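What you see is a predicted model, and the numbers here were worked out from it, not measured in a lab.
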Amino acid sequence: MDTKILLDESDIPREWYNVVADMPNPPAPPLGPDGQPVGPEALEAIFPPGVIEQEASAERWITIPDAVREVLRLWRPSPLYRAHRLEQALETPARIFYKNESVSPAGSHKPNTAVAQAFYNRQAGIKRLTTETGAGQWGCALSLAGQLFGLDVRVFMVRVSYEQKPYRRTLMQTWGGEVFASPTDLTESGRKILARDPDTPGSLGIAISEAAEEAAGRADTNYALGSVLNHVLLHQTVIGLEARKQMERIGAYPDEVYAPCGGGSNFGGIAFPFFADKATGREVRLVAVEPTSCPTLTKGLYTYDFGDAIGLTPLLKMFTLGHDFVPPGIHAGGLRYHGDAPLVSQLHEEGLVDAVAIPQLETFQAGVLFARTEGIVPAPESTHAIAAVIRSARECARSGEPRTLLFNLSGHGHFDMAAYERYFAGDLKDFEYPAEAIEKSLAHLPHFGDG
Ligand SMILES: *Cc1c(COP(=O)(O)O)cnc(C)c1O
């Protein structure tokens, strides 16, 4: 059987799939500070109309503009691989497939939405975009997309990553992005945090506050978010739509679908098109994989919380560890967000999507095994999905069951070699976020008038 299952450029999806159409219950609405649902107009200060419309849409299929498909052609369709050598190494009867999103110029799935967001902002006459970045992947994706659509991009990069990953910074600058270590003294939000804690490693929540504040204050500037929101997950469904077609080509269908889960966008991207089948009665297990150090879906609370650290965003109903949760400086920087996409959260709450948390050392073991068998050095985020797949494949080896496993290889680790270096040096530890620390952060959840 082939190792790579390839599609033609004409097979790039023409429409994104909107999971809202197949959810058993409508999504819980975002709320304003008064506890009342906010309308789309609340987002107008920072998002273009095309994006706002998608954020609230319940249409099953949404047309991908030609200008977006033209750019996606630079790397899509991405290949689907059969992991023959990994299977052999595990001596498992399981069939393991992975979608390789590391083939994009930025090395991850994130350009799939960056390109769409840049397009809609350009269409609305916007000149500049601000954003946050954790591991640097999103800042790279948006810098690239901004360049392709003629927009300036300013990136607030979480300080710990800014220091750990100097080449990510240079990559963003190569694509024309402007990069600052967050918190900065350029924004009210940043100054407030620095006054409280001058040595803070920063967090995604803080960086989001800074980027959103600047975008809200300037008419020529909008904000772009790399995950969490409905429109971002929508744009990422090209992953699952292609994967479903690729598996169909070889007469296969997954029993289990895995993806690393930070804000939930690449998980939604690969899993939702299979959820469409699940909604019609097909058996398929969808599993979001997160670190034990930031266990949002597995240890968080399903409730309304802010999307950022300061409390500037509308309240989103999601699994959260509390908006002022600052996770340890683990090496899967893209998985350090305090919350999870409302769509993924709701489906998890309803028992339709599973979640598992994996400790850091097991993820690096999995990443090294993958590199030594399949050749690709995975991003530390992606190793979470690989580790979960390996657990399942080992179970198949014990039971003799030939399950079909699919995962999203969300990115490569070429800019994360410092993380692998520390792993080989024995410097990395497992970190289980202490229950008391989670409780403390959850105590700061927003309260409404009558509690
Ligand atoms: C950002 C990132 C993730 C996690 O983000 P999601 O929003 O959960 O998709 C996973 N893998 C890589 C390589 C990333 O860059």
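For the side chain to side chain contact (heavy atoms under 4.5 Å, CB included) with Phe180, the lone residue among Val155, Leu186, Thr187 that qualifies is Leu186. Of the residues Asn266, Asn408, Asn112, the one that meets the side chain to side chain donor-acceptor pair (under 3.5 Å) test with Glu101 is Asn112.
Contact annotation: the side chain of Phe267 never approaches that of Leu233 to less than 4.5 Å [non-hydrogen atoms, C-beta and beyond]. Taking the side chain as every heavy atom from C-beta outward, Trp138 and Thr113 approach each other to under 4.5 Å. The closest side-chain heavy-atom distance from Val284 to Asp255 is not below 4.5 Å. No side-chain heavy atom of Asp340 sits under 4.5 Å from any side-chain heavy atom of Val228. Under the 4.5 Å side-chain criterion, counting only non-hydrogen atoms from C-beta, Pro183 is in contact with Glu210. With a 4.5 Å cut-off on side-chain heavy atoms, Ile270 and His109 do not count as touching.
Between His235 and Trp16, the angle of the ring planes lies from 30° to 60°, which puts this pair in the tilted group.
Contact check on Glu132 versus Arg154 returns no salt bridge, with no Lys/Arg side-chain nitrogen under 4.0 Å from an Asp/Glu carboxylate oxygen. Using a 4.0 Å cut-off between a side-chain N of Lys or Arg and a carboxylate O of Asp or Glu, Asp277 and Arg244 qualify as a salt bridge. By the 4.0 Å N-to-carboxylate-O rule, Arg191 lies close enough to Glu188 to be salt-bridged with it.
Counting only N and O atoms by type, the side chains of Tyr17 and Glu15 include no donor and acceptor under 3.5 Å apart. For the residue pair Glu432 / Thr292, no side-chain donor-acceptor distance below 3.5 Å is found, with atom types taken as modelled.
The side-chain tip of Arg282 points at the ring of Tyr253 from less than 6.0 angstrom away and within 45° of straight on. Because its NZ or CZ atom is both nearer than 6.0 Å to the ring centre of Tyr162 and within 45° of the ring axis, Arg169 counts as a cation-pi partner of that residue.
No donor-acceptor pair closer than 3.5 Å links the side chain of Thr296 to the backbone N or O of Gly300. Ser57 places no side-chain N or O within donor-acceptor distance of the main-chain N or O of Glu53, the cut-off being under 3.5 Å. Between the side chain of Thr200 and the main chain of Asp197, no donor-acceptor pair closer than 3.5 Å is present. Proximity of a side-chain donor or acceptor of Ser345 to a complementary backbone N or O of Ala341 within less than 3.5 Å is detected. Counting only distance, with no hydrogens or angles, the side chain of Thr383 and the backbone of Ile386 share no donor-acceptor pair below 3.5 Å.
Looking at every heavy atom in both residues, Lys192 comes nearest to Ile310 through NZ-CG2, 4.2 Å. Minimum heavy-atom separation, Gly226 to Ser265: O-OG, 3.8 Å. Contact detail for Arg249 and Ile5: the closest heavy-atom pair is CB-CG2, 4.5 Å. What you find for Phe325 and Cys294 is that their closest heavy atoms are CE2-SG, 3.7 Å. The shortest non-hydrogen separation linking Ala181 to Arg159 is CB-NH2, 3.7 Å.
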Checking Lys99 against Gln246 for the side chain to side chain donor-acceptor pair (under 3.5 Å) test, could you report, in this order, the C-alpha distance in whole Å, the side-chain angles of both residues, the deciding distance, and whether it holds? CA-CA 10 Å; Lys99 186 74 169 149; Gln246 284 160 314; 2.8 Å; yes
Decide yes or no on ring pair (Phe, Tyr, Trp, His ring centres under 6.0 Å) for His323 and Phe306, but give the supporting numbers first. CA-CA 6 Å; His323 57 276; Phe306 295 110; 5.2 Å; yes
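Here His231 and Phe47 bring their ring centres to under 6.0 angstrom of each other. Taking the ring centroids of Tyr167 and Phe415, they lie at or beyond the 6.0 Å cut-off.
Separating the OG atom in Ser392 from the CZ atom in Arg285 is a distance of 7.0 Å, to the nearest 0.5 Å.
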